[in-house]
Amino acid sequence: MHWADVVADKLLESGTEHVISSGITPSGPIHLGSMREILTADAIVRAVNDKGGNAKLIYVADNADPLRKVYPFLDEKKFKEYVGRPLAEIPAPDGNGSYDQYFLKPFFKSLENVGVIPEVVDNYQFYKDGKYNDCTKTIIDNREKARNILEKISGRQLPKNWFPWTFKDENGKLCNGKFLRYEWPNVYFENEEGKEIVNNLEKGEGKLPWRLDWPSKWKILGVTFEAFGKDHATKGGSFDTGKRIVKDILESKVPHHIVYEWINLKGKGAMHSSTGLAISADEMLQMAPPEVIRWLIMQPQPNRHVDFDPGLGLLNSVDRYDRIENEYYDNNLEENSSRAFELSQIKEIPNKKAQTIPYRHLVTLSQSKESADEIEKTLMRTGDISELNKTEKDKLESRVKCIEGWISNHAPESVKFEIQEKPPSINFSKEDLKRIEELKEQMGNINWSPEKIHDSFYELQEKYNTPAKEYFRIMYLTILGKERGPRLGFFLATIEQKFVVERLNSY
RNA sequence: GGGCCUGUAGCUCAGCUAGGUAGAGCGUCCGGCUUUUAACCGGACGGCCAAGGGUUCGAAUCCCUUCAGGCCCGCCA
């Protein structure tokens with residue numbers, strides 16, 4: 001059984017209503033690794049709903065968290081003063097709006113593109129609106145118990161006058177002040193300068209520290225399931241302490257969970273926004289079809305790491321996905337693969353197989369044609385497809401866009417080419433010139449189909465006792481200005497016969 | 001030091017939740033398609049399921065131990 005269904009079954013044992021939670025701190029571009037978290041959660045939501053339950057997906061934007069440091073992608077001068085302040089209160093890097101929204105907006109757009117539409121929780125606003133009041137109060141009332149749990153389970157020592165609140169200084173920065181006294185809803189502390197500051201706990205002046213904030217969210221939102229990264233899952237980590245806090249102090253339920261592994265960039269290691277070694281969700285969508293992105297997450301077990309190769313490997317991933325799609329409709333898949341395919345669909349599962357064009361072929365066409373429209377016409381002319389319906393058209397269009405993005409940012413040189421508008425000036429040898437004459441005649445007189453074109457080179461090989469390779473080389477040189485290129489039969493068939501003959505005639 | 005995960009064919013992995021004759025794709029080799037680029041079709045080769053022990057009529061699957069690899073582990077998230 002697919003992992004999402006295994007979890008769904010377990011969840012449904014305790015009821016039909018479920019809240020699946022996911023979240024991230026929007027401190028930088030939100031990357032593909034973070035997308036795994038929410039796609040994993042989304043899979044569970046779909047699985048529960050498919051089995052007749054009623055699950056909703058909640059996305060918590062942890063924008064009450066402070067900016068930890070000036071990240072490499074930030075302007076040092078401008079952002080130095082904001083370190084320590086809640087992300088929701090900092091201006092965006094481009095000056096428009098707030099910092100958190102600057103990163104969240106494109107991420108939500110990306111999520112929409114992969115078919116995920118969560119209910120968004122603005123954590124900062126939650127604090128402001130007093131949503132945390134009850135939990136905060138309960139924790140404060142039981143702060144010795146809380147301290148006990150944290151110290152015992154995490155094995156760290158808390159200061160003598162520990163108070164379960166991250167204070168907010170008068171300059172707006174979150175800080176570790178010295179706790180003085182407390183009287184709901186106010187807490188008084190001494191800041192570094194020795195000044196007494198008051199925070200109103202009901203108004204979001206400061207926040208709960210993460211290890212208390214997380215279990216509080218479970219209770220406030222009624223979370224029944226959460227997928228989280230293995231950094232939280234370590235012994236004595238925030239999940240371990242969170243479990244006890246929510247059970248013993250908040251008297252609420254511990255959510256079910258799974259731990260997911262990181263996504264590595266092939267040959268480079270785990271993605272981290274802080275090191276800059278990351279592909280943002282946005283960027284990802286500009287080079288890979290959304291259903292393939294989903295499939296990369298749905299196919300493997302969540303606890304296995306995924307190696308993502310934005311180079312040639314991406315083509316393999318798309319090919320594999322397309323093959324799975326075909327086999328799905330041929331009813332030829334094992335249960336897990338079949339389910340992974342279903343969970344990879346952006347919208348509902350189409351009940352008919354769509355016409356698919358081999359992705360590698362599209363990579364060629366995208367570089368020789370101006371638009372998706374032209375590509376479609378060409379494919380119809382070469383007999384690769386019959387007329388496309390609306391869905392197929394959209395798919396073609398979006399895939400062409402992905403390929404264009406991929407070609408310009410990630411593709412290796414070996415697959416790139418450009419049709420030369422003017423005949424490249426090349427010093428052909430005498431023999432080459434003779435072959436060009438032979439080609440002129442051949443190209444002008446054959447049926448312009450991929451197979452015929454392909455065969456014709458071998459006819460020349462027979463006729464003139466010259467390796468077909470030589471003819472290939474010449475064709476690439478005259479049209480692309482380089483010695484290699486895409487499979488010639490298919491490629492030439494996609495451009496005008498007239499153009500090819502004229503090109504040869506100019507030598 | 002503590003913890004989690006992983007170890008199955010040359011490579012990438014499925015199978016383990018529920019024990020019942022070891023699977024797929026890719027690669028390799030052979031054959032076919034009048035044959036370039038990571039093309040297509042058919043077939044073959046290929047595994048003491050990391051090692052050892054236990055439970056069982058029966059273990060890749062459950063339990064214990066060992067080894068190897070990856071990652072996580074102040075605060076913050």
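Residue numbering restarts at 1 for every chain, and letters A, B, ... go by the order of the sequence lines. Just so it is clear, the structure is predicted and the values come from calculations on it, not from any experiment.
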Side-chain donor/acceptor of T234(A) to base of C72(B), under 3.5 Å: yes

N/O donor-acceptor pair, side chain S154(A) with base G74(B), under 3.5 angstrom: no

Lys/Arg N to Asp/Glu carboxylate O, E291(A) vs R294(A), below 4.0 Å: no

Pairing partner (Watson-Crick or G-U wobble, both distances under 3.5 angstrom) of A44(B): U28(B)

Strand partner of G20(B), provided both Watson-Crick or wobble distances fall under 3.5 Å: C57(B)

Side chain of R68(A) (C-beta onward), nearest among G15(B), A38(B), C76(B): C76(B)

Selected nucleotide, minimal atom distance to K235(A) side chain, candidates C75(B), A77(B), G2(B): G2(B)

d([atom1], [X]; [atom2], [N]) in whole Å:
X: L312(A); N: U12(B); atom1: CG; atom2: P; value: 18 Å
X: H305(A); N: U12(B); atom1: NE2; atom2: C1'; value: 10 Å
X: D231(A); N: C5(B); atom1: CG; atom2: C1'; value: 14 Å

Touch class at under 4.0 angstrom, heavy-atom based, for N316(A) against every strand present: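 Contact class for N316(A): base.
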
Phosphate contact (U36(B) OP1 or OP2) by Y458(A) side-chain N/O below 4.0 Å: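 Yes, because at least one side-chain N or O of Y458(A) sits under 4.0 Å from OP1 or OP2 of U36(B).
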
